[in-house]
A.B. asks: 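Pasting a structure here, questions to come.
A note on names: the letters A, B, ... follow the listed sequences, proteins ahead of strands, and every chain is numbered from 1.
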Amino acid sequence: MLDSAPTLERLRPIFADPNIAKLNQNIKYDLLVLRGRGVEVHGVSGDPMVADYLLHAGERTHNLEELARRYLNHPMVPIEDLIGKKSKKQPQLRMDQVAVDRVAAYAGEDADAAWRLCLHLESRLEGPPLRTLYDELEIPLIEVLAELEYNGIRLDKKLLKRVGDDMGRRLEQIEKEIYVLAGRPFNIGSLPQLRKVLFEELKLPIQGKTGVTGAPSTDQETLEKLAALGLPGSELPRKILEQRQTAKLKSTYVDALPEMVNPATRRIHASFNQTVAATGRLSSSDPNLQNIPVRSEQGREIRQAFLPEEGWRLLTADYSQIELRLLAHFTDDEALQRAFAEDHDVHSLVAAQIFGVEEGLVTPEMRRMAKTVNFGVIYGMSGHGLAVRLGISRDEANRFIEAYFARYPKVLDYQAKLLEECMRTGYVSTILGRRRAIAGVRSKSTYQQRNQPEREAINMEIQGSAADLIKLAMLHIHQRLRRDGLRSRMLMQIHDELVFEAPPGELKQLAALVKEEMTTPLEKELSLRTPLKVELAAGPNWLDVEEIVEGEG
DNA sequence: ATATTCACG
DNA sequence: ACGTACGTGAATATC
């Protein structure tokens with residue numbers, strides 16, 4: 001089998017030859033396994049999983065079993081038949097513990113299905129834009145993602161141990177205080193028990209119900225309302241909030257991350273999934289590196305544990321306001337475009353417009369509200385949704401939206417046109433022609449009464465186009481790093497941010513290259529009507545990065 | 001397996 | 001009358 005070293009050596013030149021096409025289901029996995037054995041693969045030409053993702057983004061899975069059933073009408077032999085029950089926890093049999101003839105039959109069926117599915121699905125991509133997206137973006141990106149996963153990132157286990165011990169002590173303390181306030185001990189993590197304490201024993205007023213079962217909510221928003229009531233028993237929700245935050249950070253990050261460090265590389269190797277998000281974004285798992293805490297002070301400590309290679313520096317490159325810039329591009333609104341062209345503060349500008357004041361008189365509160373409105377526009381906001389987030393009445397929220405659309409009529413026209421096209425064709429397209437099918441869009445609905453599909457449609461073009469842009473940038477950066485012979489490595493993508501590590505002396509060159517590839521070529525290639533802006537920062541860990549100002553140092 | 005909550009963009 | 005902003009992944013408890 002492939003496992004034997006002589007066979008691998010014989011295949012090495014074939015794998016290395018970019019002119020010999022290779023395809024497989026989830027071929028990124030093969031790249032990683034082979035790279036782990038020192039074998040480089042070039043010439044990746046296809047992957048049915050990725051082809052199906054471009055054809056049907058938003059399907060629950062694009063796994064081989066599903067694809068074979070759907071397109072080949074062929075039920076695959078379940079892998080459980082070979083290696084035992086499928087389970088994330090339970091250790092499975094390995095292939096080398098299974099009889100060779102059974103493995104061969106299974107592997108043969110897999111390879112055959114992948115090959116036939118690739119032919120079939122690729123023919124369905126039918127030229128531009130999907131086939132171009134496949135051949136020139138998603139397939140080449142596989143190699144880049146494999147490299148991100150292979151590179152991994154170093155973690156400061158000692159720091160997390162200290163933080164975890166502190167949190168453990170803090171939790172013991174808070175939990176004692178909670179039991180006193182509740183009048184008895186109970187399992188704070190159990191929603192039924194917590195509801196009983198809050199709403200039955202302490203008789204606090206129910207603030208809202210959960211979506212599916214209609215049970216009383218106990219989420220952050222609810223607990224904050226309860227804490228603000230000033231009733232007897234209002235101390236408790238405050239403490240619960242504190243306990244929740246600390247318990248969440250400890251279990252999800254501080255305790256879990258050190259367990260994920262690969263002892264051989266002493267780094268964390270997450271997955272960057274290419275076929276999950278309906279909009280074209282990547283997702284990350286095992287662990288998820290795209291939701292590492294940053295907003296709370298307590299959470300930010302965790303970022304400090306993400307380190308570059310010893311003696312190297314971490315570099316972060318963030319797109320500034322990429323979604324609003326794309327809104328300006330798509331709507332062709334001149335005021336928004338000018339704001340970005342002149343690098344103005346777009347939240348302040350919108351605040352001035354919707355509050356009807358000079359930009360110099362915009363207060364931080366007005367700016368904060370305008371920022372919420374700006375995000376709302378990208379999400380297809382309703383009056384109600386905006387009201388909840390701003391803590392104002394629905395009427396007031398509607399007046400804000402009216403004021404916004406009165407000043408930015410092109411945004412309203414743009415959204416109406418997008419919905420109309422979605423209704424006609426059944427899908428929404430991004431800047432590179434990526435498609436997401438959306439059913440349930442109605443003709444001329446107003447923003448007050450938009451339904452879920454209509455909001456999804458409105459969000460797709462912008463969120464998906466931002467995903468297109470950063471994927472393209474990753475591809476270009478990867479090629480430049482090779483061409484220019486840099487040792488720097490790309491480590492992570494967090495939707496509008498890329499993270500790199502640079503060896504001593506290479507930071508400036510890397511920073512310049514990254515900034516360039518994330519902006520100018522994309523603006524030109526895609527004829528963007530708004531410039532892109534990238535903010536660079538570097539430091540000894542992911543928290544303590546300092547902005548790199550051009551022409552400095 | 002499902003529901004809830006909460007971490008991120 | 002009601003549920004209401006878009007996209008994710010993980011932990012926990014309960015069924």
Side-chain angles (χ1 to χ4, degrees), chain A residues 57-58 88 186-195 208-223 240-241 243-257 259-260 270-273 275-296 298-300 302-303 318-323 327 372-390 394 397 401 428 436 438 447-464 466-467 470 492-498 542:
Chain A
K88 258 196 172 173
F186 66 102
N187 182 351
I188 304 164
S190 160
L191 293 171
Q193 288 185 44
L194 179 61
R195 286 186 188 113
K209 304 283 185 70
T210 61
V212 177
T213 61
S217 293
T218 69
D219 62 10
Q220 194 172 334
E221 194 193 329
T222 305
L223 294 176
I240 303 275
L241 281 168
Q243 190 272 352
R244 280 246 180 102
Q245 189 193 48
T246 306
K248 175 85 166 188
L249 296 176
K250 184 168 188 290
S251 69
T252 308
Y253 305 101
V254 177
D255 293 344
L257 288 172
E259 297 290 313
M260 304 290 294
S271 296
F272 286 92
N273 314 303
T275 61
V276 174
T279 54
R281 275 187 172 185
L282 298 178
S283 85
S284 168
S285 60
D286 308 296
N288 182 356
L289 293 180
Q290 292 179 324
N291 73 346
I292 300 303
V294 68
R295 293 175 190 167
S296 74
Q298 203 182 15
R300 293 170 69 84
I302 295 163
R303 291 214 161 198
D318 282 71
Y319 274 119
S320 164
Q321 316 272 31
I322 188 165
E323 294 194 341
L327 180 74
T372 305
V373 171
N374 277 332
F375 275 109
V377 172
I378 292 168
Y379 296 150
M381 68 181 162
S382 64
H384 179 84
L386 185 65
V388 168
R389 269 157 195 81
L390 287 179
R394 199 173 160 153
I401 299 175
V428 180
R436 175 180 178 184
I438 294 173
Y447 65 83
Q448 288 101 329
Q449 40 172 8
R450 280 194 189 125
N451 61 18
Q452 180 87 28
E454 285 156 359
R455 294 194 299 270
E456 285 168 359
I458 285 172
N459 182 248
M460 167 66 188
E461 184 166 31
I462 289 179
Q463 186 178 125
I470 196 164
M492 300 188 268
Q493 188 249 48
I494 307 100
H495 309 305
D496 61 356
E497 172 183 11
L498 296 174
W542 201 6

A.B. asks: State, with a plain yes or no, whether a side-chain heavy atom of A:Gln448 is found less than 4.5 Å away from one of A:His384.
C.D. replies: no
A.B. asks: For a side chain to side chain donor-acceptor pair (under 3.5 Å) check, start with the C-alpha distance between A:Ser285 and A:Asn273, then their side-chain angles and the critical distance, and finish with the verdict.
C.D. replies: CA-CA 8 Å; A:Ser285 60; A:Asn273 314 303; 3.1 Å; yes
A.B. asks: Enter the distance from A:Ile458:CD1 to A:Ile378:CD1 here, rounded to the nearest 0.5 Å.
C.D. replies: 11.5 Å
A.B. asks: For A:Lys248, give me all partners under salt bridge (Lys or Arg N to Asp or Glu O under 4.0 Å), at least two apart in sequence or on another chain.
C.D. replies: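 Counting only residues at least two positions away or on another chain, A:Lys248 forms no salt bridge (Lys or Arg N to Asp or Glu O under 4.0 Å).
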A.B. asks: Roughly, in whole Å, what's the span from CZ in A:Phe272 to C1' in C:dG9?
C.D. replies: 13 Å
A.B. asks: Out of curiosity, A:Leu282 CG to A:Thr275 OG1, how far, rounded to the nearest 0.5 Å?
C.D. replies: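 Spacing of CG (A:Leu282) from OG1 (A:Thr275) equals 10.0 Å.
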A.B. asks: For a quick check of understanding: with a heavy-atom distance under 4.0 Å over all strands, which category does A:Arg394 fall into, base, sugar-phosphate or nothing?
C.D. replies: base
A.B. asks: What does A:Gly189 touch in the nucleic acid at a heavy-atom separation under 4.0 angstrom: a base, only the sugar-phosphate, or nothing?
C.D. replies: sugar-phosphate
A.B. asks: By nearest nucleotide on DNA chain C, pick out whichever of A:Ala256 and A:Gly58 is the more 5' one.
C.D. replies: A:Gly58
A.B. asks: Starting at the 5' end of DNA chain C, which residue's closest nucleotide do you reach first, A:Ala247 or A:Ser283?
C.D. replies: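 Whichever sits nearer the 5' end wins; that is A:Ser283.
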A.B. asks: Do A:Met492 and A:Leu498 have side chains that approach each other closer than 4.5 Å (heavy atoms only, starting at C-beta)?
C.D. replies: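 They are not in side-chain contact.
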A.B. asks: Is the count of non-hydrogen atoms from other residues, nucleotides or ligands lying under 6.0 Å from A:Gln449 atom CD greater than 12?
C.D. replies: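 Buried by this count: over 12 neighbours within 6.0 Å.
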A.B. asks: For A:Thr372, report the nucleic acid contact type (base, sugar-phosphate, nothing); a contact means any heavy atom under 4.0 Å.
C.D. replies: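 Answer is base: heavy atoms of A:Thr372 come under 4.0 Å of a base.
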A.B. asks: May I ask you to verify if any side-chain N or O of A:Arg455 is less than 4.0 angstrom from the OP1 or OP2 atom of C:dA5?
C.D. replies: no
A.B. asks: For atom P, what is the distance between B:dT4 and C:dG3, given to the nearest Å?
C.D. replies: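 Here B:dT4 and C:dG3 have their P atoms 12 Å from each other.
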A.B. asks: What one-letter contact string describes nucleotides 3-9 of chain B from 5' to 3', where B marks a base within less than 4.0 Å of any protein heavy atom, S marks contact via sugar-phosphate atoms alone, and - marks no contact?
C.D. replies: SSBBBBB
A.B. asks: When A:Thr279 is tested against each of A:Gln463, A:Glu461, A:Glu456 for side chain to side chain donor-acceptor pair (under 3.5 Å), which residue passes?
C.D. replies: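 Answer to the side chain to side chain donor-acceptor pair (under 3.5 Å) test with A:Thr279 among A:Gln463, A:Glu461, A:Glu456: A:Gln463.
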A.B. asks: C:dC15 P sits how many Å from A:Gln193 CD, rounded?
C.D. replies: 11 Å
A.B. asks: Which of the following nucleotides, C:dA13, C:dA5, C:dG9, is nearest to the side chain of A:Ser190?
C.D. replies: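 Among C:dA13, C:dA5, C:dG9, the one nearest the side chain of A:Ser190 is C:dA13.
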A.B. asks: At under 4.0 Å between heavy atoms, what does A:Asn187 touch on the DNA or RNA strands: base, sugar-phosphate, or nothing?
C.D. replies: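 Answer is sugar-phosphate: A:Asn187 comes under 4.0 Å of backbone atoms only.
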A.B. asks: Can you tell me which stems involve DNA chain C, if a stem is defined as three or more consecutive Watson-Crick or G-U wobble pairs, both distances under 3.5 Å?
C.D. replies: B:1-9 with C:6-14
A.B. asks: Using atom P in both nucleotides, what's the gap between B:dA3 and C:dT4 to the nearest angstrom?
C.D. replies: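 Nearest-Å result for B:dA3 against C:dT4 at atom P: 15 Å.
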A.B. asks: Using 0.5 Å steps for rounding, measure from the CG atom of A:Leu249 to the CD atom of A:Gln298.
C.D. replies: 5.5 Å
